[in-house]
Amino acid sequence: MFRKQILFTFFVSFIFLSLFADVKLPAVINNNMVLQQQSSVPLWGKSSTNKTVRITTSWDKKSYKAASDKNGEWRVNVTTPSAGGPYTITFDDGQKLQLTNILVGEVWVCSGQSNMVMPLKGYRNQPIRDGNNITANAANSNIRLFHVQRAVSNVPLDDCTGSWEVSSPESAVDFSAIGFQFAQQLQKILNVPIGVIESDWGGTPIEAWMNKQSLASFAAVKIPEANDAVKAEAHRPTCLFNAMIAPLTGYGIKGFLWYQGENNASTPTGYDQLMASMVSGWRKLWNSSDTLSFYYVQIAPYRYPTNRDSIPVLREMQQKAQSEIPNSGMAVSIDAGNEFTIHPENKTIISKRLLYWALGDAYHQKGIAYESPYYKSQEIKDGSAIITLSNSPNGFTAWDKKIEGFEIAGSNKSFYPAEAKIVGTTIEVQSDKVPKPVSVRYGFRDFQPGNLYSNEGLPVAPFRTDDW
């Protein structure tokens, strides 16, 4: 009897120690994941205290050793090959754990608010154009999707809820329409595995996605403390970063896709600085200075019920941010809005414009135009304003339609709809009601779609030549 008790105690102790010793990995490091190719990518997790964890990668049969600290935490960098797979990774701290069906390729993080969140199935009574057909063609074992589930926290978390899914109609239909189509097109063109991590939440301000350090210089922003009596909420500064970005930091990626801004429309001035600080903060936590690409979407036209005069200023700040954020690019959407919904149905064109930035800028593919024309200068001549734009060496087109979206004003600052025509590589703007023009605006209202494009089909960004 006594011997049986000893054996039982030993068996229970063995089971307990085995469970305690098992390697525990964060959600983002798991089966089906995609690792960034030709990089030194971190893997991390937990084990028992002061334990040696051996990590073996099947693509090169190489073993790495990581020592867990007093909290059982360990971290190690492994070298990835060029794109390929599937592979396995084995973790061994006395108990083995093997991850399977791992691919090596290109990885992107997409974040922001509801226009990034909007899934292929759309929202109720708000569809995605061609969404069902895109979903029907979603099966692709070389595309992997990780959707961070919504969460909030007043302090940075070390894990999130989510899992890597092989792309299929079932996994894609609830995934970001922009993020999925970006991945789908990128995979087809590069012919390598693509992983997309979606971490977003509708109706949220940029401050919620920033960490404490990146907000420190903005005195007006109240940052919640760890012991803050007020419950963490999605709109509070740092609360989404803490719960939905912090657990991902360091995971090997190529760059970020960002679509946000509507919830900062009431105070647009300084949005460019917030965005620049957010990106800088994220890159530091990924141990990257400027190497991680950051491509984002300028908010689209919509008949806003409030803050209507602030919307064009916000777009102006978004464009300004491109010159303040190294290795960044803006996808213009002035032609892809909807008067009656803040969630335009055409997410395909937005994903393509982000794709052009990635192909031309991040992957250095020659021959691809990716940057929209921006306002450069104005000259007043014979009652007309002559507008020169950048990024338009081959001129412009309105696809055989009358150019829309221009307004012109004299010294009285009263704007009138203007006639615009393409003259060589400039735009000539005039109105009979303004014989002595001073200022020109293009698409500079909450809802004023424009139809002027570079010869390569990229829309001219909204602008004003004044500072009124």
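Start at 1 with the first residue, then count along the sequence.
Side-chain contact between Ile134 and Phe180: present, with at least one pair of heavy atoms (C-beta onward) separated by less than 4.5 Å. The shortest distance between side-chain heavy atoms of Glu262 and Tyr302 does not fall below 4.5 Å.
Atom CG of Asp432 has 12 or fewer neighbouring heavy atoms from other residues, nucleotides or ligands inside a 6.0 Å radius. Within a 6.0 Å sphere centred on CG of Asp466, heavy atoms belonging to other residues, nucleotides or ligands number more than 12. Heavy atoms from other residues, nucleotides or ligands lying under 6.0 Å from CG of Asn137 number more than 12. Around the CG atom of Asn133, the shell of radius 6.0 Å holds more than 12 heavy atoms that belong to other residues, nucleotides or ligands. A 6.0 Å sphere centred on CG of Asn71 holds more than 12 heavy atoms belonging to other residues, nucleotides or ligands. For Gln149, the CD atom is densely surrounded, since the number of other residues' heavy atoms within 6.0 Å is greater than 12.
If you look at Trp108 and Phe256, their ring centroids are not closer than 6.0 Å. Taking the six-membered ring for Trp, Trp468 and Phe415 have ring centres closer than 6.0 Å. Annotation: Tyr296 is in aromatic contact with Phe294 [ring centroid separation under 6.0 Å].
There is no side-chain donor-acceptor pair under 3.5 Å between Asn32 and Glu165. Side-chain polar atoms of Ser351 and Gln185 form a donor-acceptor pair below 3.5 angstrom. A donor and an acceptor atom, one from each side chain of Gln184 and Asn140, are nowhere located under 3.5 Å apart. For the 3.5 Å distance criterion, the side chains of Ser111 and Ser199 fail to qualify, holding no donor opposite an acceptor. At a cut-off of 3.5 Å, with distance as the only test, no side-chain donor of Thr341 or Asn338 sits close to an acceptor on the other residue. Side-chain N/O atoms of Gln36 and Glu106 include a donor and acceptor closer than 3.5 Å. Side chains of Gln38 and Ser82: a donor-acceptor N/O pair is absent below 3.5 angstrom, by distance only. In this model, a donor atom of one side chain and an acceptor atom of the other lie less than 3.5 Å apart for Thr348 and Gln181. In summary, the side chains of Ser171 and Ser168 do present a donor paired with an acceptor at a separation below 3.5 Å, with no hydrogens or angles considered.
The CD1 atom of Ile178 lies 11.5 Å from the CZ atom of Arg353; values are rounded to the nearest 0.5 Å. Atom CD1 of residue Ile206 and atom CG of residue Leu215 lie 9.0 Å apart, to the nearest 0.5 angstrom. Put simply, CE on Met275 and CE on Met210 are 10.5 Å apart, with the number rounded to the nearest 0.5 Å. Going from atom CH2 of Trp399 over to atom CG of Asp335 covers 11.0 Å, rounded to the nearest 0.5 Å. To the nearest 0.5 angstrom, Arg236 atom CZ is 8.0 Å from Thr238 atom OG1. Atom CD1 of Ile143 sits about 7.0 Å away from atom CG of Leu145, to the nearest 0.5 Å.
For Ser392 (side chain) and Ser454 (main-chain N/O), no donor-acceptor pair under 3.5 Å exists by modelled atom type. Side-chain N or O atoms of Ser153 include one that pairs as donor or acceptor with a backbone N or O of Val155 at under 3.5 Å. Using modelled atom types, no side-chain atom of Lys413 and backbone atom of Gly410 make a donor-acceptor pair closer than 3.5 Å.
Contact record, Tyr251 with Val34: OH-O, 2.6 Å, taken as the closest heavy-atom pair. Smallest separation of non-hydrogen atoms from Gly202 and Val117: N-CG2, 3.7 Å. The shortest heavy-atom contact between Ser266 and Ser310 is O-OG, 4.3 Å. In this structure, Ala300 and Gly337 approach most closely via the heavy-atom pair CB-CA, 3.9 Å. The shortest non-hydrogen separation linking Met317 to Asp272 is O-CB, 3.2 Å. Here the closest heavy-atom approach between residue Tyr259 and residue Ile299 is recorded as CE2-CA, 4.3 Å.
Classification of Glu407 and Arg441 as a salt-bridged pair fails, no side-chain N sitting under 4.0 Å from a carboxylate O. We find that Lys46 and Asp158 are joined by a salt bridge, their nearest charged nitrogen and carboxylate oxygen being less than 4.0 Å apart.
Each of Asn263, Thr204, Asn264 was evaluated against Gln113; a single residue qualifies, Asn263, per the side chain to side chain donor-acceptor pair (under 3.5 Å) test. Applying ring pair (Phe, Tyr, Trp, His ring centres under 6.0 Å) to Tyr370 and the options Trp357, Tyr356, Tyr295 leaves one that passes, Trp357.
For the pair Arg144 and Trp164, the NZ or CZ position fails the cation-pi test of under 6.0 Å to the six-membered ring centre and within 45 degrees of the ring normal.
Between Tyr123 and His343, the ring-plane angle classifies as perpendicular under the 30° and 60° cut-offs.
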